[in-house]
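Just so it is clear: chains get the letters A, B, ... in the order the sequence lines come, proteins before strands, and each one is counted from 1.
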There are 2 protein chains.
Amino acid sequence: METTTQFDLIVKMTLSAWDAQNGYLNKLLDELTEEQLMQEISPGRNRGIYLLGHLVAVSDDMLPLLGFVNRLFPALEQAFLTTPDKAGQEMPAIAELKENLAAVNAKLKEHFTATSSAQWLEKHNSVSAEDFAKEPHRNKLNIIISRTNHMANHIGQMLMLK
Amino acid sequence: METTTQFDLIVKMTLSAWDAQNGYLNKLLDELTEEQLMQEISPGRNRGIYLLGHLVAVSDDMLPLLGFVNRLFPALEQAFLTTPDKAGQEMPAIAELKENLAAVNAKLKEHFTATSSAQWLEKHNSVSAEDFAKEPHRNKLNIIISRTNHMANHIGQMLMLK
């Protein structure tokens, strides 16, 4: 196996892991009722709807972070990133959040497909060129790795709603 | 940047993500009391001690899966992999499980350090040579990716104990 193929293979494995977590999330969302998603994952903790909105907002934020396009749903930031659950903020309905999730994932997929292995190792938009020169691991692919683990963490919590 | 360096960089990023989740787990274990670890993560669900033992057993099982050595604590399989929580099985004390975790991670680290980037793309021990020829992504590094996400999933649940 030549080295370029090895490099491409690992990039593909990393993207497949992201896809797998999104698959688990979508399967779980298909299984949970709206009533279940309005429950807390454990007494006093975040509700399912908040974690759903939080995951949509975090994925949406990857669009500018990876240099693709602006966020599709910037209003989600206030409801699901800067404000904790149950603080009185307005939230979209669950059905709307699910549509947002699908739209964000379709847009991400479109850009992922157009990104070469070498481009995945370019800097993302939250690191300066100066820092990136010293820390080349702070690249776009590392965003995928960290966001995949972030999603796995919250999926583990949302499983409590079943 | 030459291609070999790119390949090495992604391998390093993948191993760093594994280390990061283990760091989160150890930090959480330092913060939780034994009493908290004996609680259920949510009413009727797994207890913290079970998830701890489960994560130790899964990591221990990576030693033979990656072709390094035999499992260090094979008795954990019955208590934490093949038997659900609260089924009457005997379990080691929490302090012992924490020691087991440290021992498993030290052994994994020893072998990780001795594994070259190219070796990470070799087949693991749960796939046949025939299948691996058709599906080269079923390599050792993919075990790290999937086990990192698995750990993140359960850490999300153990955070409920805080």
Rounded to the nearest 0.5 Å, what separates atom CH2 in B/W120 from atom CE in A/M13?
10.0 Å
What residues of residues 150-162 of chain A sit under 4.5 Å from chain B when you count only heavy atoms?
A/A152, A/N153, A/I155, A/G156, A/Q157, A/L159, A/M160, A/L161, A/K162
So does A/K12 have more than 12 non-hydrogen atoms from other groups sitting under 6.0 Å from NZ?
no
For chain A, which residues from residues 21-49 of chain B have at least one heavy atom closer than 4.5 Å to it?
B/Q21, B/I41, B/S42, B/P43, B/R45
For B/L141, which atoms come within 4.5 Å of any heavy atom of chain A: side chain, backbone, both, or neither?
both
Any residues in residues 90-108 of chain B near chain A, with a heavy-atom distance under 4.5 Å, and which are they?
none
Which of residues 52-81 of chain B get closer than 4.5 angstrom to chain A, counting heavy atoms alone?
none
Might you work through the side-chain contact (heavy atoms from CB on, under 4.5 Å) test for A/T148 and B/I145, ending with a clear yes or no?
CA-CA 10 Å; A/T148 301; B/I145 294 173; over 6 Å; no
Report yes if some heavy atom in the side chain of A/L121 is under 4.5 Å from a heavy atom in the side chain of B/I10; otherwise report no.
yes
Value for CZ (B/F7) from CG (A/D8), rounded to nearest 0.5 Å, stands at 11.0 Å
